[in-house]
Amino acid sequence: MVSEKKTTAEQMTGRDLSELIKDVTKDSHTRAENTELMLCFQKANVSLTQYKLLLCSLYKIYEALEEALDRNSNHPGVAPIYFPAELARLKTLENDLEFFYGKDWREKVVVPTATKRYCHRLRQIGKENPEFLIAHAYTRYLGDLSGGQVLGRIAQKSLGLKSSEGLSFFVFPGVTSPNLFKQLYRSRMNSVELTEEGKNGVLEEAVRAFELNIQVFDDLQKMVVSENTQQKNSTLSSLENRQQIYASMVKTSPLLRMVLGLFVALATVSMGIYAL
Ligand code: HEM
């Protein structure tokens, strides 16, 4: 289920991890780009609800990812790709959430089941297979430094935000050139010593990481649809309530009925005079 594109031992021989990981996640990347949420971004059609819900989930995901990376920063499978000063996103997400939700944002963070599942997996491998964190760090950070940069500009335009308020997640002050940094990151990934089994494990984990992201985007989109439906229903029901109140007022008050009758008669006569 996890390995979408099996990489044979022959195909793997002599190839760097950074090349292999890009190869095995190619189809997953296309699927992630084509989720409804990501398509909304690409069409510059992101609503504030969508963006705020995405920030909540990213906050929980980076909290779990960065906790696991920090705890394993000396592990030989993690140390070479550990770049907290350049990459850490947790603080930026806290700032953005405070901007949108206010001081008590922590009480307002809501996430779907898929996000909880993703965080659970991150905590689990942090304890059991820290070298698999390479796959998750690659999927998130290199994605943020690639398509993520365009998504930030689109979000700013879609939401009509001034400056970078609410968008610090997309800004990497410690990375002067995303392309150069990605090259360095790839070379560090390639320097990690892994057995064939370990390498395969990382590749499978990368496909899983994309899958977990896709599930989060799909769940978030369902939440957005259900929030919009709830809002529509509550607008409709308040309209219905108002209509019922007017109707019962007319029914119960003879005076009001008389005034309304007089008003209708006057309007009819005025229209008649106007027509002459
Ligand atoms: C609107 C959605 C997206 C667009 C337009 C987009 C676009 C891109 C582009 C243009 C690149 C650079 C490709 C290259 O250098 O060859 C890239 C790389 C990457 N993207 Fe995305 N992306 C999107 C969504 C995602 C998502 C959702 C993830 C992961 C959850 C992701 C993960 C990555 C990764 C890991 C890379 C680095 C690939 C590598 O160099 O090995 N992307 N993306």
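Start at 1 and go down the list; that is how both ligands and their atoms are numbered.
- Atoms of ligand 1 lying under 4.0 Å from any heavy atom of F217, numbered from 1 in the order shown and given with element: 27 (C).
- Among K26, K22, Q42, Q183, the residue whose heavy atom sits closest to atom 1 (C) of ligand 1 is Q42.
- When each atom of ligand 1 is checked for a heavy atom of L151 under 4.0 Å away, the hits are 1 (C).
- The number of heavy-atom neighbours closer than 6.0 Å to CD of Q149, taken from other residues, nucleotides and ligands shown, is above 12.
- There is no side-chain donor-acceptor pair under 3.5 Å between Q183 and R186.
- For ligand 1, the atoms lying closer than 4.0 Å to a non-hydrogen atom of A32 are 27 (C).
- Every atom of ligand 1 with a heavy atom of R186 under 4.0 Å away is listed here by number and element: 39 (C), 40 (O).
- Taking only nitrogen or oxygen atoms, main chain and side chain alike, E33 does not reach within less than 3.5 Å of ligand 1.
- Counting atoms of ligand 1 from 1 in the listed order, those under 4.0 Å from a heavy atom of T139 are 29 (C), 30 (C), 32 (C), 35 (C).
- The shortest heavy-atom distance from Y138 to ligand 1 is under 4.0 Å.
- Contact atoms of ligand 1 toward N213: 30 (C) (distance under 4.0 Å to a heavy atom of the residue).
- Figure legend: cation-pi geometry between R89 and F172, with NZ or CZ positioned under 6.0 Å from the six-membered ring centre and within 45° of its axis.
- Selection from S28, S146, A137 by nearest heavy atom to atom 17 (C) of ligand 1 gives S146.
- Close approach of ligand 1 to F210 is summarised as follows: ligand atoms under 4.0 Å from at least one heavy atom of the residue are 28 (C), 29 (C), 31 (C), 32 (C).
- Residue H29 has at least one N or O atom closer than 3.5 Å to an N or O atom of ligand 1.
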